[in-house]
Amino acid sequence: MISEVAGQYDAKEVEGRVRKFWEDRGIYALARTMRTGGRKFFFVDGPPYTTGRIHLGTAWNKIIKDSILRYRSMNGFEIKDRAGWDMHGLPIEVKVEEHLGFESKKDIETYGVDRFIDKCKEFALSQKDQMTEQFRTLGAWLNWEDPYMTLKDEYLEAAWWTLKRSDERGLLERGFRVVNWCPRCETAIADAEVEYWEETDPSVYVKFPIVGEEKTFMMIWTTTPWTIPANVGVAVHPDFEYSKVRAWKDDLDEAEILIIASPLVESVLREGRYKDYEVLDRFRGTELAGLEYEHPLADLIPAQREIVHKIHLADFVTAENTGSVHIAPGHGLEDFELGVAEGMEIFCPVGEDGRYTKEAGEKYAGKYVRAANGEVDEDLADRGLLLAEGEIVHRYGHCWRCKTPIIYIATPQWFLKISEIRDDMLDEIAKVKWYPDWAGSARFRDWISGARDWCISRQRYWGIPLPIWICRDCGKKEVIGSMEELRLRSGAVVEDLHRPAVDLVTIRCSCGGEMRRVPDVFDVWFDSAVASWATLNYPGDQEEIKEWWPADFITEGHDQTRGWFYSQLGASMVSFGVAPYRSVLMHGFTLDDKGKKMSKSIGNVVSPEEVVGKFGADTLRLYVLSSNAPWEDIHFSWDEVGNTNRMLNILWNAYRFPLPYMILDGFDPKRTTLDMVQESLRPEDRWILSRTNTLAAEVETSMGSYQLQRATRAIADFVLEDLSRWYIQLVRPRTWIETDDPDKLAAYATILEVMTTLAKILAPFAPFTAETIYQNLVRGTDPQALESVHLCNWQRPREELIDSTLEEEMALVREVVEAVSNARQKGGRKLRWPVAEVTISPKREIPELGGLLSVLKSQTNSKRVTVAAVGEMPEMEIALNPVPKKIGPAFKGEAQKVIEALKGADPLEARDRLIAGEFMLGPYAIAPDMVEFIEKIPENLVAADFSSGTVYVDVTLTEDLRAEGYAREIIRRIQDMRKEMDLRVEEKIEATIRLDDEVVRGLLERMRDHIAAEVRAARLEMGSDLQVRGFLVKEWSIEDLETTIAISRG
RNA sequence: GGGCCCGUAGCUUAGCAUGGUUGGAGCGCACGGCUGAUAACCGUGAGGUCACGCGUUCGAAUCGCGUCGGGCCCA
């Protein structure tokens, strides 16, 4: 049985009930297993980091995934969709450190690495559980029961295997490199982990004394004075022009000779507050190469006294500041590369904790570098080598987790040689299908083109240990690919591959020495990078990968261009040599209504829970899906969320409206199928069926290119425009028919077919609402039907039901109805009052409306609808206008009389005469140019335009029309009173109407039976001086007429 | 500083790949209608320098170049 649905759309109730149903009945698992054998669709979930709370962007991400997977599933695909969790790395270490009140790595060592690791694991797992629940609330169907987790041993093995493969292919390398370094976390961090924002730093101009030339200096500029102790060289651009200038302040004898790029001389001297200068020489940068200078702080730093400092050439030098760059190969990426190329010493007197080492000299040793900026400045000033100091606000990199400004230091690290396989990567991404196209062809391509070797080692604890063992005696390296391999090589059985247990495992080297694991762990980006095979339990399981890999589809936000899109590609290229995914949908970010990033500090963050709490998950889902193309950023708007909710509410009302009637009539869709009522279908029934199937086709097309916004907007338009505003209005009177009329049954069967199809179309996007409708309308009437709408096949558009001509005709009808209602408003005739005639006067060919004339009549409340031929209009009235400009010169003094006479003339006759060629008005001969004829719409007609013409509405009131109009006024008011009394639809009443106007009473008398029937009155009394008594008595004014109505239960 | 994307009514947006009759919607606002979906629903109206500038063209929201603003990524 179909159940009645009382009340408004209550998302919380609907969604809670549906979720329980899915869980109790294991619908998700059923949906997956029933598609076994279908075409395979391998989806890899980009694992969210286990932060504990999801935000709007994460919610959007999972909603996109869920909608696409539900759609795929309904289309018969066998889906692999393990949810994933990214659980290692610094963020969790930092959280646990905070929780334990730690400040440095030493605290962790003291506390015990094993206990620390346990805490991290525990923390990550609890965060995962919280987030799972939040995702489930959104209706996101992924395999939550058996997710892949980066902290599992199988997962660690996948990473190990990958590294072993890259080593076998010669792509793993140990290198001494300058890396981004977080001095707080005491670890290298990836480029992807550096966050840039504005920072105030010193801006200093320093004089480097040239060897053997008195008072002559090379000018450099830097924002990091702390790197000056590590200075080894200066770079100039080979093509720039440099000037040697003599500059002085007050005293010419105090003059100094400075070398500065020519265009920058004046600005540098201004910084140094010089009064005047003269140019001594000009030369190209190339001529400076090889020039020697003294380190400005050589007296403080013994090590610097051993180093020869020279000027070098480099293309990266820009014509800014002094046009010369101070080079500290131990503290800059370009510096390092230039240093290696030019054979400079890589001097790095800074330790992992960000403090100077003894190498920096006694004065600096032990000091934190960024805090030492001021001291370096002072020391330079003391030696007369500081030309100017100031401050600059610029973008500077920070550790993305602890927000500490990063430094660059040279350390030994492990690298994947991405630069060697860059071209292969570019070839591979060209084979991937990108949505939108530019995500791959422009954005990702650009990123790959600039990709450097990937530093995969981190000096931390909570991560996948690097499976690299090194012999202490001969230095030989061995990469272990699995737990089993480790056992075979070492004889040790390790319970958990994490640190610290794995650190204790030693291997016997072929040289007889002992091999120990390097203490590093993997960069956490490497974890998720191996997801596409780790989720298939490869290499532990060798079969799954053959069946599924590579991924058919992944989708993440555009920040993942440098993140997961890249890390996966890199890991896959070094191990398999091909891209790990076939298609990628890049989605946008959720911004606030102003288009600004949501951030806690601005306080403009909207959480998914907040939206779900107010409006429900289906509203949130439809909102994020329909608001933009997926690849554009969403400007979150509560107004639009409210709108989306309203649409669902209207859908809900449309869905529940016919139910009481169907129930009352005991309608059984199995006994009265659409096929059986074929003959009784009205044109509007065929129309809504056609529209429904056209909708299915539109959704299919849009989903083909992941245009989720088009799919969901088409659905919303259908619900609002076609279903609610039109079909429901048309079908209403038919549901009130009391007998077993075929017309009514046809309407029921149509509604049921439409709603059932709509539930299936809606299922991928608003799964809760769709399920609710399906359960009631389909399962409620057919217990044999599939248990859930999400088990159904996608509703392919039924071509035989699509009638595009009919759709065009109906579109025209709707336009005409709108125009008529416009005209009625102009003519002051409200819809409740019938009109005698509507004339459609098209200006171009319009579709035949034969079958839809009845719709037109009922919706315009008119007695007759006529369609005129193209260009034909109702007969117009003609008015005649004299033209004084012509009459004046012709008749002079008589002109006024002529004009008067013309005004009194019959326009029609005048026109006929003029056409005939002679028009005498008394004694006056009127020429054609003396008058003009104006066509006027007759008084009784009101006109309004529609796109292909004009409609004319005859608003003349006849007695019959007035009778009907008043009757409808009375009926409406009695209905209103019935409602007020809360009467059931089928209950009878007794009514008394007191009405003084005799004429109107006479009119109403003629409609007595009609009125009584409409309001279900067993007894209806009308008169002028009646005793008006009843359960409910109300006074009304209809137009300018006062009346009192009383009703009681009959 | 560089790459990519975006910028249309107060707000959210369609249209832009293939330039062509007065640039469509929804929300909000004003006025009106409907009243057996009713703490709903519908119509009409006002509201637009299509971010700005230059160019290509008979014709530009649409194509090109530049500027400004927003986003992501990089330096």
Side-chain angles (χ1 to χ4, degrees), chain A residues 5 7-9 191-192 194-196 316 318 320 333-334 394-395 397 436-447 449-452 557-563 565-566 586-597 623 626-629 631-644 646-647 649-661 709-710 713 716-717 720-721 723-726 728-729 732-733 735-736 817-826 828-833 859 861 944 968 971-976 978-979 983-986 1014-1016:
Chain A
V5 178
Q8 297 289 299
Y9 175 61
D191 290 342
V194 179
E195 274 186 7
Y196 290 83
F316 61 74
T318 57
E320 290 169 305
L333 304 175
E334 288 170 326
H394 65 156
R395 283 167 65 77
D437 189 58
W438 52 259
S441 61
R443 212 186 156 103
F444 196 45
R445 201 177 175 77
D446 178 60
W447 169 252
S449 308
R452 293 201 301 252
H558 43 50
D559 55 329
Q560 297 302 331
T561 304
R562 69 162 185 179
F565 297 160
Y566 172 68
M586 184 187 79
H587 68 74
F589 262 51
T590 46
L591 311 174
D592 75 2
D593 52 356
K594 310 252 179 334
K596 300 270 187 198
K597 203 159 138 169
Y623 168 66
S626 62
S627 113
N628 290 103
W631 44 86
E632 276 168 15
D633 293 344
I634 290 181
H635 292 195
F636 184 85
S637 152
W638 278 110
D639 275 1
E640 293 301 312
V641 176
N643 257 342
T644 309
R646 192 183 64 117
M647 188 280 287
N649 195 35
I650 291 172
L651 167 64
W652 189 258
N653 286 334
Y655 147 67
R656 75 192 175 106
F657 138 78
L659 303 183
Y661 306 103
Q709 86 286 13
R710 294 215 170 142
R713 283 175 186 177
D717 279 355
L720 295 175
E721 291 296 329
L723 188 61
S724 167
R725 286 179 200 162
W726 201 240
I728 296 289
Q729 304 308 329
R732 252 162 156 173
T735 62
W736 307 331
V817 171
E818 265 179 38
V820 168
S821 121
N822 189 352
R824 275 173 166 277
Q825 201 165 326
K826 286 187 206 164
R829 184 72 70 236
K830 46 187 177 180
L831 191 55
R832 210 178 293 144
W833 290 70
Q859 292 312 105
N861 193 16
R968 283 187 69 164
I971 290 166
R972 198 227 110 193
R973 283 162 178 83
I974 295 177
Q975 298 288 29
D976 204 62
R978 285 183 61 111
K979 179 130 226 129
L983 295 182
R984 272 176 292 117
V985 171
E986 68 276 14
E1014 285 289 309
V1015 303
R1016 295 185 186 242

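Residue numbers start from 1 in every chain, and the chains themselves are labelled A, B, ... in the order their sequence lines are given, proteins ahead of strands. Note that the structure is a prediction, hence the values are computed from the model and not measured. The analysis underlying the following values was restricted to heavy atoms, covering all of them including side chains, and did not include hydrogens, waters or symmetry mates.
- Nucleic acid contact for A:L720: none, since no nucleic acid atom lies under 4.0 Å from a heavy atom of the residue.
- The structure places CD1 of A:I971 at 12.0 Å from CZ of A:R978, a figure rounded to the nearest 0.5 Å.
- In this model, no side-chain donor or acceptor of A:R443 finds a partner on the base of B:C73 within 3.5 Å.
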Considering only distance and modelled atom types, tabulate donor-acceptor pairs under 3.5 Å from the side chains of residues 634-642 of chain A, sequence neighbours left out.
unit_1 : atom_1 : unit_2 : atom_2 : d
A:S637 : OG     : A:D639 : N      : 3.4
A:S637 : OG     : A:E640 : N      : 3.1

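- Using the Watson-Crick or G-U wobble rule with both distances under 3.5 Å, B:C63 pairs with B:G55.
- Contact annotation: A:R646 side-chain N/O to B:C27 OP1/OP2 distance is under 4.0 Å.
- With C1' as the reference atom, B:U13 and B:G7 are 12 Å apart, rounded to whole Å.
- Going from the P atom of B:C52 to that of B:C11 covers 14 Å, rounded to whole Å.
- In this structure B:A40 sits in the anti conformation; its chi angle is more than 90° from 0.
- As judged by a 4.0 angstrom heavy-atom cut-off over every strand, A:E1014 is placed among the base-contacting residues.
- As judged by a 4.0 angstrom heavy-atom cut-off over every strand, A:E818 is placed among residues touching the sugar-phosphate backbone only.
- Between the A:Q729 side chain and the A:L723 main chain, no donor and acceptor come within less than 3.5 Å of each other.
- Between A:F657 and A:F589, the residue whose closest nucleotide on RNA chain B is further toward the 5' end is A:F657.
- Rounded to whole angstrom, the span from the CG atom of A:N628 across to the C1' atom of B:C6 amounts to 10 Å.
- Here CZ of A:R824 is found 5.5 Å from CG of A:N861. Values are rounded to the nearest 0.5 Å.
- In the set B:U38, B:U35, B:G71, B:U38 carries the atom at the smallest distance from any side-chain atom of A:N653.
- Taking the six-membered ring for Trp and the full ring otherwise, the centers of A:F444 and A:W447 sit at least 6.0 Å from each other.
- Among the protein residues, A:A654 comes within range of the nucleic acid bases, having at least one heavy atom under 4.0 Å from a base atom.
- Taking side-chain N and O atoms only, A:R713 has no distance below 4.0 Å to OP1 or OP2 of B:U12.
- Taking the C1' atoms as reference points, B:G20 lies 38 Å from B:G2, given to the whole Å.
- OP1 and OP2 of B:A40 both lie 4.0 Å or more from every side-chain N or O belonging to A:N649.
- Checking A:F636 against A:W438, the closest nucleotide of RNA chain B that is more toward the 5' end is the one next to A:W438.
- Going from the C1' atom of B:C16 to that of B:C27 covers 24 Å, rounded to whole Å.
- Counting any heavy atom pair closer than 4.0 Å across all strands shown, A:T561 reaches no nucleic acid atom.
- Within the model, atoms CD of A:Q859 and CD of A:E818 stand 12.0 Å from one another, a figure rounded to the nearest 0.5 Å.
- With A:R968 contributing its side chain and A:W833 its backbone, the two residues share no donor-acceptor pair below 3.5 Å.
- Atom CD of A:Q859 is separated from atom P of B:G43 by 12 Å (rounded to the nearest Å).
- Rounded to an integer number of Å, the gap from NE2 of A:H635 to P of B:U13 is 6 Å.
- B:U44 sits 15 Å from B:C34 when the P atoms are compared, rounded to a whole Å.
- Between B:A51 and B:G69, the distance separating the two P atoms is 16 Å to the nearest Å.
- The P atoms of B:A60 and B:C50 are separated by 12 Å, rounded to the nearest whole Å.
- With distances taken from any side-chain atom of A:N643 to the nucleotides B:C73, B:C27, B:C41, the minimum falls on B:C27.
- Here, B:U22 and B:A61 have their C1' atoms 15 Å apart, quoted to the whole Å.
- Evaluation of atom-type donor-acceptor distances gives a pair under 3.5 Å for the side chain of A:E640 against the base of B:G26.
- No engagement by A:T735 is indicated, since no non-hydrogen atom pair under 4.0 Å with the nucleic acid exists.
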